[in-house]
Participant: 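Encoded as structure tokens, here's the structure I'll be asking about.
Just follow the structure's listing: the first ligand is 1, and inside any ligand the first atom is 1.
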Amino acid sequence: PAIESKRLRIGMQKSGRLSIESQALLSSCGLKINLREQRLIAHVENMPIDILRVRDDDIPGLVMDGVCDLGIIGENVLEEVSLQRQIDNESADYEVLARLDFGGCRLSIAVPQEEQYQGVSSLEGKTIATTYPRLLTRYLKQQGVNARVVMLTGSVEVAPRAGLADAICDLVSTGATLEANGLKEAEVIYRSKAVLIQRKGLADAQHQKLIAKLMPRIQGVMQANE
Ligand code: PRT
Ligand code: ZN
């Protein structure tokens, strides 16, 4: 494994909203990735790089624990995991190398359309369902609002109709999902994009060199997209 560990490891989402654009970014930087194989690890053919294809939720931890050297991840997940790891007394160090031009969305609180929403104080005493309990709890604390936060990993948007919650806090891009579920956006609590992160204290000189070679290419690809 001495030789194996020399390969730079990049964590990216296996399948989902970030995966196509993450792959496209790396391909545009000249990485030849064998996309046919549905494996966890994809070898880059022309550079000493391995791509770890995992669930997006696992990417921050893989970088913070030093399993991956780089990761491509939405800031919403990155921040949520960081807050949770700080609470759990686990290392939560990373460096943002680039804010990317995809994966844009906002984390918003939404309430039933028929509700007379009059600002955050309307949330006092309410139950809010979310997949982002740490980000939501931080926001409520900052706003001085007491509300109950309920964690749901999926189908958050149906929680009010199902009688599980009074409001939700979920990712929004077009707003169509909220609309379809009889909800309206009440507060934007976090704006997110995909970012390229690096683990803190990367010691390997070869890896540093490789990253230094990749970064101008990434900047170039993003400028070309502008
Ligand atoms: O399987 P895995 O765990 O890897 O994927 P996932 O299902 O957890 O995540 P995925 O692929 O849905 O999203 C990955 C990342 O994409 C998110 O963490 C965000 O950083 C980013 N992103 C950007 C979004 C959206 N836009 C988005 N619209 N993630 C989710 N949504 C969902 C949202 O949850 C809601 O259900 O889309 C719906 C709302 O969209 P609109 O257009 O109807 O408003
Ligand atoms: Zn996920």
Participant: Counting each atom of ligand 1 from 1 as listed, which ones have a heavy atom of Asp170 under 4.0 Å away?
Facilitator: 34 (O)
Participant: Does any N or O of ligand 1 fall below 3.5 Å from an N or O anywhere on Ser192, backbone included?
Facilitator: no
Participant: Before accepting this row, confirm whether a basic side-chain N of the pair Glu75/Arg99 lies closer than 4.0 Å to the acidic partner's carboxylate O.
Facilitator: yes
Participant: Considering only heavy atoms, does Leu171 approach ligand 1 within less than 4.0 Å through its side chain, its backbone, both, or neither?
Facilitator: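 Both backbone and side chain.
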Participant: Just how far is it from atom NZ of Lys32 to atom CD1 of Ile49, taken to the nearest 0.5 Å?
Facilitator: 12.5 Å
Participant: Among Met12, Lys193, Arg17, which residue places a heavy atom closest to atom 13 (O) of ligand 1?
Facilitator: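 It is Arg17 whose heavy atom sits nearest to atom 13 (O) of ligand 1.
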Participant: Are side-chain N/O atoms of Glu185 and Ser108 paired as donor and acceptor at under 3.5 Å?
Facilitator: yes
Participant: Examine Cys105 against ligand 1 and note whether any of their N/O atoms are separated by less than 3.5 Å.
Facilitator: no
Participant: Looking at the Zn ion (ligand 2), which N/O/S atom of Asp57 is the nearest one?
Facilitator: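 Result for Asp57 and the Zn ion (ligand 2): OD1.
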Participant: So which atom in Lys184 and which in Gln113 form the shortest heavy-atom distance, rounded to 0.1 Å?
Facilitator: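 Shortest heavy-atom separation between Lys184 and Gln113 comes out as NZ-O, 3.2 Å.
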Participant: Measure the spacing between CZ of Arg138 and CD of Gln143 and express it to the nearest 0.5 Å.
Facilitator: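 Output value for this atom pair is 12.0 Å.
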Participant: Which of these, Glu179, Gln13, Glu80, Arg53, has its nearest heavy atom closest to atom 5 (O) of ligand 1?
Facilitator: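 Closest candidate by heavy-atom distance is Gln13.
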Participant: I need the nearest protein heavy-atom contact for atom 1 (O) of ligand 1: residue, atom name and distance, please.
Facilitator: Arg55 NE, 3.3 Å
Participant: Considering only non-hydrogen protein atoms, determine which one is nearest to atom 21 (C) of ligand 1 and report residue, atom name and distance to 0.1 Å.
Facilitator: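 Looking at atom 21 (C) of ligand 1, the protein heavy atom closest to it is Gly103 O, 3.8 Å.
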Participant: State the atoms of ligand 1, each with its element, that fall below the 4.0 Å cut-off from a heavy-atom position in Thr174.
Facilitator: 41 (P), 42 (O), 43 (O), 44 (O)
Participant: Cut-off 3.5 Å, side chains only: do Tyr132 and Glu79 have a donor facing an acceptor?
Facilitator: no
Participant: Give the intermediate values and the outcome of side chain to side chain contact (heavy atoms under 4.5 Å, CB included) for residues Asn76 and Glu80.
Facilitator: CA-CA 6 Å; Asn76 52 309; Glu80 178 70 20; over 6 Å; no
Participant: If I apply the N/O under 3.5 Å rule, does Glu157 come out as touching ligand 1?
Facilitator: no
Participant: To the nearest 0.5 Å, tell me how far Leu123 CG sits from Glu187 CD.
Facilitator: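 Here the rounded value is 7.0 Å.
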Participant: Considering Val195, Leu107, Leu178, Thr177, which one's heavy-atom position lies nearest to atom 39 (C) of ligand 1?
Facilitator: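 Selected option, by shortest heavy-atom distance: Thr177.
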Participant: Does the protein come close to atom 7 (O) of ligand 1 - that is, does one of its heavy atoms sit below 4.0 Å from that atom?
Facilitator: no
Participant: Heavy-atom contact under 4.0 Å between Ala180 and ligand 1?
Facilitator: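 False for this residue.
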Participant: Write down the atom of Leu83, the atom of Arg134, and the distance for their closest heavy-atom approach.
Facilitator: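 Looking at all heavy atoms of both residues, the closest pair is CB-CB, 3.7 Å.
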Participant: Suppose we only allow N, O or S atoms; which atom of Asp56 ends up nearest to the Zn ion (ligand 2)?
Facilitator: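 Checking each N, O and S atom of Asp56, the shortest distance to the Zn ion (ligand 2) belongs to OD1.
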Participant: Distance under 4.0 Å to a non-hydrogen atom of Gly16: what atoms of ligand 1 satisfy this?
Facilitator: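 The list of qualifying atoms is 11 (O).
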